[in-house]
**Student:** 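Before anything else, here's the structure in question.
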Amino acid sequence: MLSLDLIRNQPDLVRQAIARRHAGTPLQAILDLDTQRSRLLVEVEALRAERNRGSKEIARIQPRPPHLIEQMRIVGDRIKALDVTLDTVQRSMDDSLALMPNLPNDSVPDGPDSSANAVVRSWGQPRSYAFKPKPHWEIGPALGILDFERGQKISGSRFYVLAGPGAKLQRALIQWMLDFHIARGYREVYLPFMVRRQVVFGAGQLPKFADNLYHDAEEDFWMVPTAEVPITGLYAGEILPPDALPIHYVAYTACFRREKMSAGKDIRGMKRGHQFDKVELYKIVAPEESDAALVRLVADVEAVAQALDLPYRVVQLCTGDLGFAARESYDVEMWAPGCDEWLEVSSSSDCGDFQGRRANIRYRPAQGAKPVFVHTLNGSGLALPRVMISIMENYQQADGSVDIPKVLQPYTGFDRIAAPAA
RNA sequence: GGAGGGAUGGCUGAGCGGACGAAAGCAACGGUCUUGAAAACCGUAGUCUCGAUUUAUCGGGACCGUGGGUUCGAAUCCCACUCCCUCCGCCA
C-alpha cells in the first residue's frame with residue numbers, strides 16, 4: 001500500500017514512478033475520491049460535534065427537553081445519510097489504493113519486461129561434459145527417483161512424485177538450508193500453509209492476484225503461494241517495541257500456485273508445478289536499514305548456491321518486471337546444462353514500507369517515539385524443485401548417475417544416486 | 001459436531017445507557033529525596049484522523065474483539081461474525 005499522504009502531496013512523483021513500471025493505475029481516481037472524502041469528512045464531523053454537544057445538553061436538563069431531542073434526531077439522520085455516502089467513497093478509494101503497486105527505487109533500471117533485466121554478476125564455471133548433458137526429465141525417471149506419469153495420474157498435469165533417494169535428496173536440501181540460514185542468524189518458524197483472506201491482502205497478493213491462488217470457499221482459507229504471506233501476517237496490526245528489530249526469519253513451507261500458463265518450455269519437467277517446496281528468508285527492519293538488508297539478503301541467498309557449488313548469476317529486475325509489492329529485486333538464476341538455460345531459484349525483494357503499511361505493522365524507534373511502518377524484505381533461500389533440477393543436471397555423470405554435493409552428504413547419507421541394477 | 005463461559009489501554013482488572021478515552025493496581029517515563037541505588041512521594045503518559053494557526057500548540061472526530069442495529073446519546077442494550085477457555089463427542 002502506498003501512503004495516501006504521498007499520493008496527495010506529490011502526485012506527479014507517484015505518477016512518474018508508476019509509469020516506469022509500464023502498468024496502468026487508478027491514480028487519478030484516487031485523487032478525485034480523496035477530495036470528495038475530505039469534504040464529506042469535514043461536514044459529517046461538524047455534525048457529530050453538534051450532536052455530541054446536544055446530547056450532553058440533554059443529559060444535563062431535567063426534565064428532558066423534547067424540542068432539543070427532536071433537533072438532535074434530525075442531526076442524527078443527516079449524519080447517517082452522509083455516512084452512507086462517505087462509506088461508498090471510502091470503499092472505492094480503498095479499492096483503488098489496494099491496486100497501486102509499490103514505487104520502484106530510483107536505482108532500478110527502466111524496462112518493460114524481463115528482457116530488460118540486467119545481469120549484475122555471475123559465480124562459478126559451468127562444467128564441461130564429455131557427453132551431451134541430459135535434462136532432468138530424462139535423468140530423474142531413468143534413476144527411478146522422479147515419476148511424472150503417476151504424479152499426473154493422482155493430481156493432473158504439473159504434478160510429479162519424488163521417490164527413494166530423490167525424495168530424500170529434497171528433504172536433505174530443506175533440512176540443510178534451514179540449518180545453513182539458522183547458523184547465519186535467522187530464526188526458524190513453521191507456519192500454517194492456509195491463511196485468512198486478510199493475511200493474503202496484507203502481503204499484497206490480493207485482490208490483484210486472486211487468479212493465481214488456490215482458495216477454499218467454504219472456510220475462506222487461502223493456500224500460501226509463498227511463506228512471505230504468513231510471515232507478513234505474523235505481526236499484522238502490531239506496534240513492535242524499540243528493541244524488536246531487526247527480525248530475521250527462515251521458514252520452510254510448501255507453496256501453491258495456480259499458474260495458468262500453458263504447457264511449453266517454461267513448465268517442462270519440474271520447473272513450474274502447482275505445488276512446490278521452498279525455504280524462505282524474511283526480514284523485518286527499521287526503514288533506514290532496508291537498503292543494507294537487501295544487500296545482505298542477496299548475499300545469504302548466493303551463499304547457498306556457492307555451498308552447493310552450482311554456477312549462478314544474479315539478475316537485477318527492471319521496473320517492468322518488479323513484483324507488485326517490491327521496490328527493488330534481485331533474482332538468482334542457476335545454470336541447468338540439461339535444460340540449457342538459467343533457472344530462477346530465488347527472488348529477493350525489498351518491499352520498503354509497502355507491506356508494513358498494508359498489514360499495519362509498525363514499530364517504535366525509541367521509548368515514547370511515534371510508531372513508524374516497518375520495512376520488509378523477502379528472498380527465497382531457495383526454491384527446491386529448481387535446485388533439484390540444477391543438482392541433477394550439473395552433477396550428472398556419464399553413466400547416468402548423479403553425484404551429491406559435498407555439503408549435503410551428511411544429510412542424505414549417500415554420495416551419489418545410481419540407477420538400480422537392472 | 002453439541003452445551004456453556006469470555007474478549008476493556010503495555011499487563012492485571014473495574015465499569016447502574018449520559019459524569020467514560022475509560023477506576024484501581026502493576027509495569028514505563030520524568031522529577032523530588034539520596035553519595036549512588038532501592039523505597040517513598042509528586043507528575044506524565046494510547047492509537048488513528050480532520051481543521052486552524054504553521055512544525056509547537058490549540059480545537060474537532062473516531063477507536064473498549066469485528067460488523068450491523070436500537071437511542072437525542074452505547075464499553076454498557078439487541079443481532080451476526082471472529083477468536084479464546086471449559087465440558088462432552090469424534091479424530092492423526
Side-chain angles (χ1 to χ4, degrees), chain A residues 1-10 30-98 190-202 206 215-222 230 233-245 247 254 287 353-374:
Chain A
M1 197 90 86
L2 294 181
S3 152
L4 187 56
D5 269 345
L6 182 70
I7 294 175
R8 251 202 293 258
N9 299 327
Q10 307 191 55
I30 292 170
L31 290 168
D32 294 343
L33 288 164
D34 181 49
T35 315
Q36 250 187 86
R37 191 191 66 112
S38 344
R39 252 204 304 275
L40 287 165
L41 205 61
V42 169
E43 195 180 345
V44 78
E45 286 190 355
L47 287 172
R48 253 189 251 279
E50 187 183 340
R51 183 177 68 180
N52 288 346
R53 270 198 310 274
S55 293
K56 276 200 179 109
E57 189 73 9
I58 291 166
R60 209 175 310 131
I61 298 172
Q62 208 54 259
R64 301 290 186 234
H67 179 72
L68 191 53
I69 289 179
E70 176 58 16
Q71 208 174 312
M72 286 307 109
R73 201 186 56 71
I74 292 165
V75 171
D77 287 345
R78 285 175 62 199
I79 292 173
K80 222 170 268 181
L82 278 176
D83 267 343
V84 172
T85 323
L86 187 61
D87 193 59
T88 312
V89 171
Q90 182 76 55
R91 213 183 295 257
S92 45
M93 195 172 85
D94 289 346
D95 290 350
S96 298
L97 209 49
Y190 174 81
L191 304 151
F193 294 1
M194 299 190 291
V195 296
R196 301 171 178 290
R197 173 185 298 268
Q198 192 54 45
V199 172
V200 189
F201 177 89
L206 279 178
H215 171 227
D216 160 54
E218 192 169 345
E219 309 278 354
D220 200 24
F221 278 133
W222 296 73
L234 242 28
Y235 294 103
E238 296 189 27
I239 300 175
L240 302 170
D243 56 357
L245 302 185
I247 292 171
D353 67 1
F354 189 84
Q355 291 176 325
R357 175 173 277 110
R358 221 170 152 95
N360 192 23
I361 309 167
R362 290 170 293 169
Y363 101 109
R364 219 180 280 282
Q367 264 291 345
K370 266 183 82 70
V372 298
F373 289 111
V374 299

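Numbered from 1 within each chain, the chains take letters A, B, ... in sequence-line order.
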**Student:** At under 4.0 Å, does any side-chain N or O of A:R196 touch on OP1 or OP2 of B:U82?
**Tutor:** no
**Student:** Which residue, A:T88, A:D95, A:D87, forms the side-chain hydrogen bond (donor to acceptor under 3.5 Å, both in side chains) with A:R91?
**Tutor:**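 Running side-chain hydrogen bond (donor to acceptor under 3.5 Å, both in side chains) over A:T88, A:D95, A:D87 with A:R91 returns exactly one hit, A:D87.
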**Student:** Using Watson-Crick or G-U wobble geometry with both distances under 3.5 Å, which nucleotide pairs with B:G18?
**Tutor:**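 Partner of B:G18: B:C72.
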**Student:** Classify the nucleic acid contact of A:R364 as base, sugar-phosphate or nothing, counting any heavy atom under 4.0 Å across all strands shown.
**Tutor:**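 Result for A:R364 = sugar-phosphate.
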**Student:** Check every strand shown and say whether A:R39 touches a base, only sugar-phosphate, or nothing at a heavy-atom separation below 4.0 Å.
**Tutor:**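 It contacts nothing in the nucleic acid.
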**Student:** Within the structure, does a side-chain N or O atom of A:R51 lie under 4.0 Å from either OP1 or OP2 of B:G73?
**Tutor:**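 For B:G73, OP1 or OP2 has a side-chain N or O of A:R51 closer than 4.0 Å.
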**Student:** Any side-chain N or O of A:N52 under 4.0 Å from OP1/OP2 of B:G61?
**Tutor:**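 Yes, such a contact exists.
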**Student:** Quick check on RNA chain B: between A:A59 and A:L41, whose nearest nucleotide comes earlier from the 5' end?
**Tutor:**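 Of the two residues, A:A59 wins.
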**Student:** I'd like to know if A:R37 pairs up with A:D94 as an ion pair, taking the criterion as any Lys NZ or Arg NE/NH1/NH2 lying under 4.0 Å from an Asp or Glu carboxylate oxygen.
**Tutor:** no
**Student:** For A:D32 and A:Q36, which I'm curious about, is there any donor-acceptor pair between the side chains at under 3.5 Å?
**Tutor:**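 Per modelled atom types, A:D32 and A:Q36 side chains form no pair under 3.5 Å.
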**Student:** What is the nucleic acid contact for A:R8, judged by heavy atoms within less than 4.0 Å: base, sugar-phosphate only, or nothing?
**Tutor:**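 Contact class for A:R8: sugar-phosphate only.
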**Student:** Pick the closest RNA chain B nucleotide for A:I58 and for A:K370 by heavy atoms, then say which residue is nearer the 5' end.
**Tutor:** A:K370
**Student:** Search all heavy atoms of A:P242 against all heavy atoms of A:Y363 and return the closest pair with its distance.
**Tutor:** O-CE1, 4.2 Å
